[in-house]
Amino acid sequence: MKRALDTARSDNFSEWYQEVVRKSDMAETSAVRGCMVIKPWGYGIWELIQAELDRRFKETGHENCYFPLFIPLDFIAKEAEHVEGFAKEMAVVTHHRLKTIDGELVPDPDAELTEPLIVRPTSETIIADSFRNWIGSYRDLPVLVNQWANVVRWEMRTRLFLRTAEFLWQEGHTAHVDRDDAFEETLRMLEVYRDFAESVMAMPVIAGEKTENERFPGADNTFSIEAMMQDGKALQAGTSHYLGTHFSEAQGIKYQSAEGDEKFAHTTSWGVSTRLVGGLVMTHGDDDGLRVPPALAPQQIVILPRLKGDDSDAPILEYCDALRKRLIASRALGAPIRAQVDKKDKNASAKRWDWVRRGAPLLVEIGPREVEANAVSVLRRDALYEGEKVKPGNTAADEFANTAASRLEDIQSAMHGQAKSFMENRIESGIAEFGALGEFFGEASEDEDGPSEGPLRWARVPWCKPAGAALEAVEAKLDPLKLTIRNAPLDQNGVSGACIFTGEEAVEEILIARAY
RNA sequence: CGGGGCGUGGCGCAGUCUGGUAGCGCACCUGCUUUGGGAGCAGGGGGUCGGAGGUUCAAAUCCUCUCGCCCCGACCA
């Protein structure tokens, strides 16, 4: 059977991923090492992600603002763990002028900055500096801000969307009177991410707490949402941190309480990035390309006129335009329907496959027959095939216009359902001892609805939550198996039995998986 | 940063061993034909072979250096 991509997921998952990103017209590599060009279809998806998250952030009381791209080097040095965590991947600005020397344009040796600036890898320190000025009294708290920005982390190996040297994200930063208030905020935003992933991205995730070794540099607690990709690997899709008073103490974010004494504010930070787009690809893509859940599709319905290049075209185009007008007048998933007529002068079936690769949820094909019968031919991207054939369904135009919204909503929930059962069927919770864990991840597993390569599953196992050296020992056991502890899910189903690492009594369950 | 691989029109590749001055497929442009499922035929445009230096009468091809990309590790959202 001919598919729209050259590489199948089961052939080579990472090659497949690259091909989807490129052939769906989302992004491409750029002339700059490790940095990508996000093209309109990919950026359109990101804009919808932004719009929906932004709405949710504001609904939970946050306001947007903007802090500088550059951070003075000594700011980073103020929080010890923070330096440790980011030092190895900083882009540093050292000069402010160029000069031609021996015919070559180079940084002017006489224009060296007295203090180097770093390009933000994250903004805790520069924002803390402002918080110090903004906060004087308990009446100023909480401070709840968010910024949409680009950040730079000089990664060794990059992959489009999943790990690029520069990426787009949002970072929320808040300050609170005490631990309870800050902790509540941390969990609130984690829940915003979880719900967004599930209901908007149709990407099932598991929310939980990271182990102490996986914490954000400078955090007391780090929580994540973890999504299962179709190769069975875990993708950390969002994080929310309770920072305690680390940054407040490092940078003097103090306030006077009602009782008159001076206290450090408790801060949080939380973020998601363009990595979500990579997660979308690996959650919903298939061997014909991307499938975009309707809530995030820049065009939810693409109308493809079947043109001949003669007089017969005019009524077809007119019919398509009228249909589009009707569609965009109605709403689906809480917003006006986004529909487009692709009038490009190109073979109709070539255009069809272009849109299949991009993953537009509904494709409507209109030729003389449809115009004649006042009908439409419709393809659902999430269910392209009937057996081995692509068979558009024929429907009256009125009926289609009236049901377009519910069709889109169907697709949204079908995609979520499919991804959810994929994940749920692959989380094993019956492993009671470490040896069985090795066997579980060692064996090659195969499935009808997924790629046959690699560890297709996760394990949910009881442990005693060791710390320090004991935790290091656990990680050392997992390392040869290339396994990592993803998180301790927030919804614990009642733990019983012994820790699979130490045999001591277990206190909670954790997720174990290979990860991106 | 360690190991491996690769850089030739927009994309994918052949040519490199055995130096003689660039070719194929897709894409693109023009024309004609075709049109219910990713069109056919004909004609055409576009590259000096990642970059720099060297050897040579002559370099995509040999040598040196360098940059970048991909895969596996380490690191990471």
Side-chain angles (χ1 to χ4, degrees), chain A residues 1-7 12-15 17-19 22-23 28-36 84-90 103-104 121-122 150-171 193 210 213-217 222 224-227 234-241 269-279 288-289 304-310 312-313 316 345-357 363 365-373 375-377 379 384 389-392 394 479-480 482 484 515-516:
Chain A
M1 180 165 57
K2 186 173 182 182
R3 308 300 295 258
L5 298 180
D6 298 328
T7 312
N12 182 335
F13 196 78
S14 62
E15 208 168 285
Y17 174 82
Q18 306 261 129
E19 197 184 347
R22 220 162 37 80
K23 295 214 175 144
E28 60 194 21
T29 53
S30 73
V32 184
R33 188 209 126 93
C35 298
M36 65 176 165
E84 176 81 12
F86 287 107
K88 286 168 287 181
E89 47 188 43
M90 303 267 210
E104 211 183 329
T122 180
N150 58 336
V151 289
V152 169
R153 296 180 188 178
W154 215 259
E155 302 287 353
M156 288 303 161
R157 278 180 62 197
T158 57
R159 289 182 83 189
L160 294 179
F161 288 114
L162 293 177
R163 189 179 301 109
T164 45
E166 178 191 14
F167 56 95
L168 306 181
W169 78 344
Q170 59 67 217
E171 46 183 326
Y193 290 154
K210 297 298 244 185
N213 286 1
E214 295 285 322
R215 273 179 205 143
F216 175 77
T222 286
S224 71
I225 52 170
E226 303 281 334
L235 182 77
Q236 182 172 307
T239 49
S240 185
H241 317 287
S269 70
W270 28 274
V272 297
S273 71
T274 37
R275 172 178 257 202
L276 286 178
V277 180
D288 291 301
L304 298 166
R306 194 171 183 82
L307 304 173
K308 295 193 170 179
D310 59 26
S312 68
D313 289 359
I316 295 173
D345 174 23
K346 216 176 161 183
N347 181 286
S349 34
K351 282 199 285 190
R352 170 207 273 188
W353 289 102
D354 284 345
W355 283 107
V356 164
R357 277 184 283 264
L363 301 182
E365 302 181 326
I366 306 292
R369 288 182 199 168
E370 284 75 15
V371 174
E372 175 77 21
V376 295
S377 287
L379 273 177
L384 267 189
K389 283 196 177 128
V390 174
K391 231 189 215 165
N394 206 272
D479 197 50
K482 289 194 199 171
T484 57
Y516 274 96

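Residue numbering restarts at 1 for every chain, and letters A, B, ... go by the order of the sequence lines. Every value quoted in this text rests on a predicted model; they were computed, and no experiment measured them.
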State which residues pass side chain to side chain contact (heavy atoms under 4.5 Å, CB included) with [X]; sequence neighbours excluded, sorted by chain then number.
X	value
A/R369	none
A/K308	A/D310, A/S312, A/D313
A/L160	A/V21, A/T29, A/M36
A/V371	A/I316, A/Y319, A/I366

Taking only the [atom1] atom of each, what is the distance from [N] to [M] in whole angstrom?
N	M	atom1	result
B/G44	B/C57	P	39 Å
B/C65	B/C24	P	36 Å
B/C72	B/C13	C1'	24 Å
B/A60	B/G7	P	16 Å
B/U30	B/U48	P	24 Å
B/U64	B/A27	C1'	38 Å
B/U21	B/G40	P	34 Å
B/G47	B/G15	C1'	15 Å

In the structure shown, which nucleotide is the Watson-Crick or G-U wobble counterpart of [N], with both distances under 3.5 Å?
N	answer
B/G25	B/C11
B/U64	B/A52
B/C69	B/G5
B/G31	B/C41
B/C57	B/G20

For [X] and [N], give me the distance from atom [atom1] to atom [atom2], rounded to whole Å.
X	N	atom1	atom2	result
A/K23	B/G10	NZ	C1'	13 Å
A/E89	B/C76	CD	C1'	6 Å
A/L276	B/A77	CG	C1'	9 Å
A/W154	B/C1	CH2	C1'	15 Å
A/D479	B/A74	CG	C1'	10 Å
A/L162	B/C75	CG	P	18 Å
A/N150	B/A77	CG	P	18 Å
A/Q236	B/C75	CD	C1'	14 Å

Write out a two-atom table: protein N or O, nucleotide N or O from nucleotides 31-36 of chain B, distance below 3.5 Å.
residue : atom : partner : partner atom : Å
B/U35   : O4   : A/K308  : O            : 2.6
B/G36   : O4'  : A/R306  : NH2          : 3.3
B/G36   : N7   : A/R369  : NE           : 3.1
B/G36   : O6   : A/P368  : N            : 3.4
B/G36   : O6   : A/R369  : N            : 2.6
B/G36   : O6   : A/E370  : OE1          : 3.4
B/G36   : N1   : A/E370  : OE1          : 2.6
B/G36   : N1   : A/E370  : OE2          : 3.1
B/G36   : N2   : A/E370  : OE1          : 3.4
B/G36   : N2   : A/E370  : OE2          : 2.7

Under 3.5 Å, which protein N or O atoms sit close to an N or O of nucleotides 3-5 of chain B? Give each pair with its distance.
none

Whether each nucleotide of nucleotides 24-30 of chain B has a protein heavy atom under 4.0 Å at its base (B), only at its sugar-phosphate (S) or at neither (-) is summarised, 5' to 3', as -------
Please identify each residue that fulfils side-chain hydrogen bond (donor to acceptor under 3.5 Å, both in side chains) with [X], with sequence neighbours left out.
X	result
A/K391	none
A/T164	none
A/S30	none
A/T158	none

When you compare the side chains of A/E370 and A/S377, does any donor N or O come within less than 3.5 Å of an acceptor on the partner?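 Yes, because at least one side-chain N or O of A/E370 sits under 3.5 Å from a partner of the opposite role on A/S377.
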Taking atom types as modelled, find out whether A/Q236 and A/S224 have a side-chain donor-acceptor pair closer than 3.5 angstrom. no
What closest approach, in Å, do [X] and [Y] show between heavy atoms, and which atom pair accounts for it?
X	Y	result
A/W353	A/V390	CH2-CG2, 3.8 Å
A/P217	A/F86	CG-CE1, 4.0 Å
A/N394	A/A375	OD1-CB, 3.6 Å

A/R357 (side chain) donor-acceptor with A/A4 (main chain) under 3.5 angstrom: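 Such a contact is found between A/R357 side chain and A/A4 backbone.
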For the backbone of A/R22 and the side chain of A/E28, can you confirm whether one donor and one acceptor N or O come within less than 3.5 Å of each other? no
Name the nucleic acid region contacted by [X], choosing base, sugar-phosphate or nothing; use a 4.0 angstrom heavy-atom cut-off, strictly under.
X	value
A/S273	base
A/T164	base
A/A4	base

Measuring from the side chain of A/S349 (C-beta onward, heavy atoms only), which nucleotide among B/A77, B/G38, B/A74 has the closest atom? B/G38
Nearest of B/G38, B/C11, B/A77 to any side-chain atom of A/R22? B/C11
Can you name the atoms? Protein N/O to nucleotides 69-73 of chain B N/O, anything below 3.5 Å, with the distance.
residue : atom : partner : partner atom : Å
B/C69   : OP1  : A/G34   : N            : 3.3
B/C72   : OP2  : A/R157  : NH2          : 2.5
B/G73   : OP1  : A/K482  : NZ           : 2.6

So, are A/E365 and A/K351 salt-bridged, with charged N and O less than 4.0 Å apart?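 A salt bridge is absent here (no side-chain N lies under 4.0 Å from a carboxylate O).
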If you pin A/P392 and A/F86 to their nearest nucleotides in RNA chain B, which one's is more 5'? A/P392
